[in-house]
Every structure is written in C-alpha cells, then in structure tokens.
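Just follow the structure's listing: the first ligand is 1, and inside any ligand the first atom is 1. Count residues from 1 along the sequence.
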Amino acid sequence: MSDATVPAEAVARAAELRRLLQHHAHRYYVLDAPEIPDAEYDRLFQALQAIEAAHPGLRTADSPTQRVIGQVLAGFAPVRHAVPMLSIRTETDTEASGAEAFDARVRRELALPDDAAPLDYAAELKFDGLAINLRYERGVLVQAATRGDGETGEDVTQNIRTIARVPLRLQGSEAPVIEVRGEVYMRRDDFERLNEQQREKGEKTYVNPRNTAAGAVRQLDPAITAQRPLSFFAYGLGEVQGWDQPATHSATLDALAAFGLPVCADRRVVQGAAGLVAFHREMGARRDALPFDIDGVVYKVNDIELQRRLGFVTREPRWAVAHKYPAQEQVTRLNAIEIQVGRTGKLTPVAKLEPVFVGGTTVSNATLHNLFELRRKGVRVGDTVIVRRAGDVIPEVVGRVPSLRPAYVPNFRMPRQCPVCGSPVAREKGGIDHRCSGGLYCGAQRKQALLHFAGRRAMDIEGLGDKLVDQLVDSGLIRTLPELYTLGVAKLAALDRMGGKSAQNLVDGLVKSRHTTLARFLYALGIRHVGEATAKDLARHFGGIDRIMDASLDQLLEVNDVGPVVAQSIRAFFEQPHHREIVEQLRAAGIQWPEHEGTQADTAALPLAGKTLVLTGTLPTLSREDANALIEAAGGKVAGSVSKKTHWVVAGDEAGSKLDKARDLGVPILDEAGLRALLAG
Ligand code: IVH
C-alpha cells in the first residue's frame with residue numbers, strides 16, 4: 001500500500017502514538033519512573049500495532065513496535081549477554097481460551113496428530129519485577145546483569161550481591177559456567193513496610209513493588225540498594241558450560257533449587273490445555289493471597305528437546321507464553337474526595353472514583369492516606385488518577401496523569417470538624433495524621449472506645465469482647481459509654497445468639513467493674529497518649545478526677561514524665577464538654593474508686609518516692625521486670641527515656657544510647673549494686 005492511500009488521520013495518529021510510546025518507554029525503562037500503568041502502555045502499543053497492521057507503509061524502523069526497548073544507563077558498565085535474554089510472547093486474552101490457543105499453536109508447530117497424547121508443560125508464576133542474569137563461574141557469582149535490550153545489559157553485580165537470598169556460591173557445583181536467570185522483586189509486605197516508614201517520615205512513597213525493585217537494582221550507590229528489601233526467584237538458564245542440564249525444564253529448576261537458589265514453590269508440571277487452564281484458574285484465585293505481585297502465569301514446554309525443535313520467532317521462543325491476569329493498576333477519573341474517620345479517630349481522605357476494573361474487581365473507592373501524601377501526589381478532583389489494587393491491601397491512588405488536568409479546581413482541604421461527630425479535628429505538631437478529638441464521644445470510634453474501656457487493664461469488664469461490642473453497637477443498644485451501665489439482663493438477652501447465661505455474665509461483669517481505681521478509670525477513657533503508666537502518674541499526683549479535669553497545662557507539666565504533647569492532649573480532651581459529661585454520667589452510674597488512692601503523700605516515706613529511674617542494658621542478676629517491680633515497690637518510677645527529669649540511669653551490659661544520653665545530660669549512672677543500695681535506702 002502506498003502512502004498516498006493512507007488516510008491522513010492514520011498517519012497523524014501513528015506519529016502521535018509513537019511519540020507517546022517513546023516518551024513512556026523512556027520513563028519506564030530508563031528512568032524507572034513510569035507515568036502511566038503498564039496496562040495503559042499496552043493499550044497504546046496495541047493501538048499502534050493495529051494501525052501499522054492496517055497500513056504497513058506506516059511501519060518505520062524506529063517504531064517502538066519494531067524493537068525491544070531498554071537502554072544502558074550511563075554509570076553502569078555494559079555487559080554483552082553470552083546468550084541473548086529473550087522476552088516471552090504475551091497472551092492478553094485473560095480467559096481460558098488464551099491457554100488453549102497456546103497449546104494448539106505448539107501442537108501445530110510440532111506437527112502432532114490430533115490424537116497424540118497431551119504435552120507436558122511446566123506452569124509457573126510470572127513474577128512482576130526485573131529480569132536478572134547471574135553468572136556463576138566454578139560455582140562463584142562473578143557477575144549480575146540486567147536484561148537491557150536483550151543483547152547488552154548493565155553490570156549491577158554490586159547491587160545484586162546485597163540481596164541475601166542470592167547465593168554468592170552454588171552448593172555442589174564447580175561447573176565452569178552456569179548462568180541463572182530470574183526475577184528480582186519486592187514482596188508486598190516489605191513494600192508496604194517501606195512505604196509506611198516513608199509515610200511516618202513524611203517522605204515520598206513508592207508507587208508499586210515492581211518499580212521500587214527495579215529502581216533499587218539500578219541504584220548507583222549499593223548502600224542504598226542494601227536498604228531496600230529485595231527478593232529473587234530463579235526461573236531459567238543462560239550460558240552453560242560443563243554441566244549437563246536435565247532433560248526437562250522442571251528438573252532444571254529442581255537442580256537450581258538444589259544449588260541453593262530460591263525457586264518459587266508454586267509451580268507444577270501439567271498436561272495439555274486442560275492442565276494449563278486449571279493452573280491459570282487456580283493461581284488466579286490465589287493471586288491476592290500470594291506474598292508478591294504477579295501479572296500472570298508462564299507456560300513452558302517441559303521437554304528441553306522439544307523446546308529446541310520449536311525454536312524462536314524473532315526474539316520470542318515458540319515454546320513459552322505468558323498468560324496474563326487483569327492489570328493491578330488502571331487509570332480512572334477522580335470524582336470527589338471524602339473523609340473517612342477510622343476506629344482510632346484518624347481522618348483519611350478517600351478518593352471517590354469513576355468505577356474501574358482493577359486487579360480483578362471493580363473499584364470505586366481508594367485511599368489517599370493523608371493530607372501530605374495527597375498534596376505530594378498533587379491530585380485534585382477531576383484529575384485522571386492511577387489506581388492500584390494488589391493483594392489484600394486496600395486500593396490506593398498512587399498518582400495522576402499530569403497531562404490530563406481539567407480547568408482550575410481548588411486544592412483539597414481537611415475539615416476542621418469531624419464529619420461524624422463534629423468535634424474539633426487536630427494534627428499534632430510535626431505529625432502527619434489529622435484526628436478527630438471526639439474519642440469515646442465519636443460514633444466512628446465507638447466500638448474501639450468500648451473495647452478499650454472494657455479491657456483487662458482498664459475497667460476489666462468480664463464478658464465484653466469483640467463480638468458483643470459489635471452486636472451492642474450495630475443493634476443501636478449502646479450509643480454512649482455510660483449507656484453500658486444501663487444494660488439489664490432482659491435487654492441483653494434479646495440480642496441474637498446471646499443466651500441468658502452470657503447476658504447474666506456481662507451484667508455481673510459490669511457490677512464488678514464499678515469498683516475500680518482512679519488510674520484504671522483514667523486509662524479507660526482512652527485519652528490519646530495517656531497509657532497505663534501516665535494514668536498511674538496522674539492519679540498519684542492529683543489524687544482525684546476533678547483536679548485532673550481542671551488542671552492547667554502548667555500543672556499537668558509538673559507530673560513526672562508528662563511532656564507538652566501529653567499535657568496538651570489531656571487538656572484538649574477535658575476541654576470538650578461532652579467528655580466531662582461522660583465522666584459525670586459514669587460516676588452517676590456508680591463507678592467509684594478509693595479517694596486519694598496512692599497520692600504522693602502515701603508513698604512519701606518510701607526510699608525512691610518521687611524519683612524517676614531509667615534502665616538500660618542487661619543487669620547481672622535482675623531481670624527487667626524484677627528491677628521495675630523493686631523500683632516501683634520502693635515508690636520510684638521507671639521511665640522509658642532519659643531526660644533532664646531523670647534522677648538515675650541504671651546501666652548493665654550492652655547499654656545503648658540511653659547511657660550516652662545520661663552522660664550528655666549529666667544524669668548520675670548506677671550499676672546493679674548501686675541500685676540495690678538505693679532500694680535499701
Ligand atoms: S522465562 C525465554 N519465566 O517476564 C523465556 N520469565 O518477557 C525467558 N518473567 O522480564 C523468560 N516470571 O523477567 C520467565 N517464570 C518466569 C517469569 C519470567 C517473570 C519475566 C522476565 C521477563 C519477562 C519475559
């Protein structure tokens with residue numbers, strides 16, 4: 001077909017697609033920073049392939065469809081692969097028919113008669129990471145290289161050596177050359193942990209495990225790679241000299257595993273198309289539960305001799321195919337941003353999306369984590385955003401497509417009042433999260449607050465566990481904490497699945513819990529930053545709940561170990577009238593404790609009264625618990641960190657940074673004998 005017959009739109013569209021694909025390929029392969037999901041790239045690629053198929057005159061030598069992309073980065077030495085690193089043909093038909101088409105093709109190529117027995121296939125997972133060639137000479141890892149363009153890759157030996165699971169020496173093989181091929185990837189839990197750390201530091205989060213793994217492997221500084229939790233699976237061979245490769249692919253992987261290489265256990269030899277279909281289906285069902293991302297499964301003709309007979313078409317073997325699953329990232333429109341209040345009061349911005357099929361389900365809500373991440377990603381209502389859903393992790397918005405921004409939309413703002421209960425929303429100084437300060441008053445936090453209140457170390461209400469709290473709240477029987485004490489056996493027995501006995505148990509538990517201590521009661525209120533130890537300090541210092549409710553910031557700061565954050569949190573809690581009301585109602589419901597229990601006056605005579613000690617390292621005879629107990633029995637307090645308010649630091653073997661801090665601040669340091677002398681008065 002001559003150019004004259006090609007419609008002008010096709011010419012323009014092909015040029016546009018080539019430009020877009022080149023741009024995105026560079027972001028993906030060279031910068032490890034793609035702007036669009038893989039599925040979107042594949043769509044563009046297929047659109048160009050379709051135009052070129054219809055108008056072959058448009059097929060230029062530099063078209064992305066005509067070569068395997070990937071460039072050698074300046075900074076890594078190029079490595080010429082002894083055996084080219086091929087890619088696999090991808091079957092994008094994610095249904096059973098995709099597997100059947102592969103089997104039919106292989107049988108045709110091998111000219112098998114229709115009644116020939118089903119072929120054996122090695123079925124395995126398609127790991128979503130970065131392909132690596134490991135070169136072992138005489139059993140020793142001498143070089144690791146990326147795939148690059150398939151002919152020439154990059155020398156990343158230093159970086160790969162930081163991956164603990166990659167053996168530096170093969171067990172039981174001194175063969176002159178064995179090249180092992182496989183995938184470097186990052187487990188989902190490692191990825192989530194890494195991002196959680198980034199979030200805590202208020203730093204940029206990573207988009208997905210694949211890009212993070214690829215970025216880490218191509219880090220110029222191996223020390224940075226070493227901090228990234230990378231993993232590896234072997235799935236094949238490159239050059240081999242002086243080793244008789246087993247006759248099948250599955251036996252080859254068994255041999256690699258015996259050499260000490262990590263080989264994924266989720267692989268199987270299956271028979272014929274039916275076996276492939278069953279494997280695809282089974283792994284599809286288990287995909288979310290796997291500890292790492294896969295984007296499909298791979299089928300390989302198991303018999304190596306048959307593989308040789310089948311050979312290659314251009315850069316792809318005829319004996320293997322990748323059978324995909326639905327993509328785990330997609331683009332869609334962000335319709336609105338809503339706020340969700342969690343069980344702990346944390347406010348999370350949630351993206352309301354134009355429904356989109358991601359990772360096997362339709363997603364219309366995705367988390368944006370917090371205000372800072374939302375701002376960093378720069379997403380606004382109306383944007384085209386990238387949504388990721390992988391495994392059990394809740395779907396999240398990981399970015400946006402910058403080129404598709406509608407007309408001006410104002411920046412998102414956090415509400416000043418909790419959308420559930422109207423209490424003030426606050427963010428701690430230097431903190432990342434916004435929180436509702438409503439605590440036990442807030443409907444969103446009701447179940448959590450009740451469970452905490454009833455807990456063994458709080459009010460210790462026997463018979464009030466998870467399930468019952470769900471029932472009580474969901475049935476509307478309880479809306480506020482004090483209502484708990486108005487529950488009668490009759491009301492309770494009416495609840496589903498609750499026979500008369502457990503109803504009576506709970507009523508008994510409630511009666512018993514009425515007699516408590518001020519410290520337990522204070523802890524049970526669930527004031528942020530007021531743990532058991534702080535509650536005890538407060539009870540001891542003030543002796544009564546009214547004095548605590550009315551205490552000023554300065555008065556609170558006088559308490560041992562109470563710093564500005566804790567003091568502020570207590571103030572903010574009791575400044576809210578509904579919290580005081582709850583305290584009043586609970587007292588009216590009969591909750592009581594001995595007055596002036598354990599105030600400073602009671603313990604003043606003890607040898608360590610009013611003193612704060614910090615323990616660090618291992619003491620010769622006393623365990624941590626014993627030392628704690630002895631100090632508390634002597635009227636002292638054990639704090640977790642050293643400050644100017646610390647009276648002594650007790651240091652044992654392998655004492656850590658607390659000892660340094662004590663020296664810096666000039667806090668006296670004791671050994672175990674010194675502590676015993678103090679205890680003896
Ligand atoms: S075999 C000649 N097996 O998929 C066959 N590849 O285009 C060579 N991949 O980036 C590859 N899991 O790194 C093979 N179980 C598996 C795989 C796998 C992931 C990657 C490979 C390459 C791409 C193939």
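Using a 4.0 Å heavy-atom cutoff, A320 is absent from the residues neighbouring ligand 1. Under a 4.0 angstrom heavy-atom cut-off, L125 registers as being in contact with ligand 1.
Not one N or O of S87 is nearer than 3.5 Å to an N or O of ligand 1, by distance alone. Annotation: F127 places an N or O atom under 3.5 Å from an N or O atom of ligand 1; distance criterion only. Where the criterion is an N or O separation shorter than 3.5 Å, residue side chain and backbone included, K300 meets it with respect to ligand 1.
For Y206 and F191, the gap between ring centers reaches or exceeds 6.0 Å. Close placement of the F102 and Y121 rings is indicated, their centers lying within 6.0 Å of each other. The aromatic ring centres of Y299 and F279 sit 6.0 Å or more apart.
Between E52 and L58, the shortest heavy-atom contact is OE2-O, 4.3 Å.
Under 4.0 Å from ligand 1, the heavy atoms of E124 that appear belong solely to its side chain.
In terms of protein heavy-atom proximity, atom 5 (C) of ligand 1 is nearest to I88 CG1, 4.0 Å. Looking only at heavy atoms of the protein, atom 13 (O) of ligand 1 is closest to E183 OE1, 2.3 Å. Protein heavy atom closest to atom 8 (C) of ligand 1, with residue, atom name and distance, is L86 O, 4.0 Å. Summary of contacts: the protein heavy atom closest to atom 21 (C) of ligand 1 is Y235 OH, 3.0 Å. Residue, atom and distance of the protein heavy atom nearest to atom 2 (C) of ligand 1 are P317 CG, 3.5 Å.
Ring planes of F312 and W319: perpendicular class, angle over 60° (limits at 30 and 60°). Classification of the F292-F127 ring pair by plane angle, with boundaries at 30° and 60°, yields perpendicular.
A salt bridge between R210 and D38 is absent, with no side-chain N of the basic residue lying under 4.0 Å from a carboxylate O of the acidic one.
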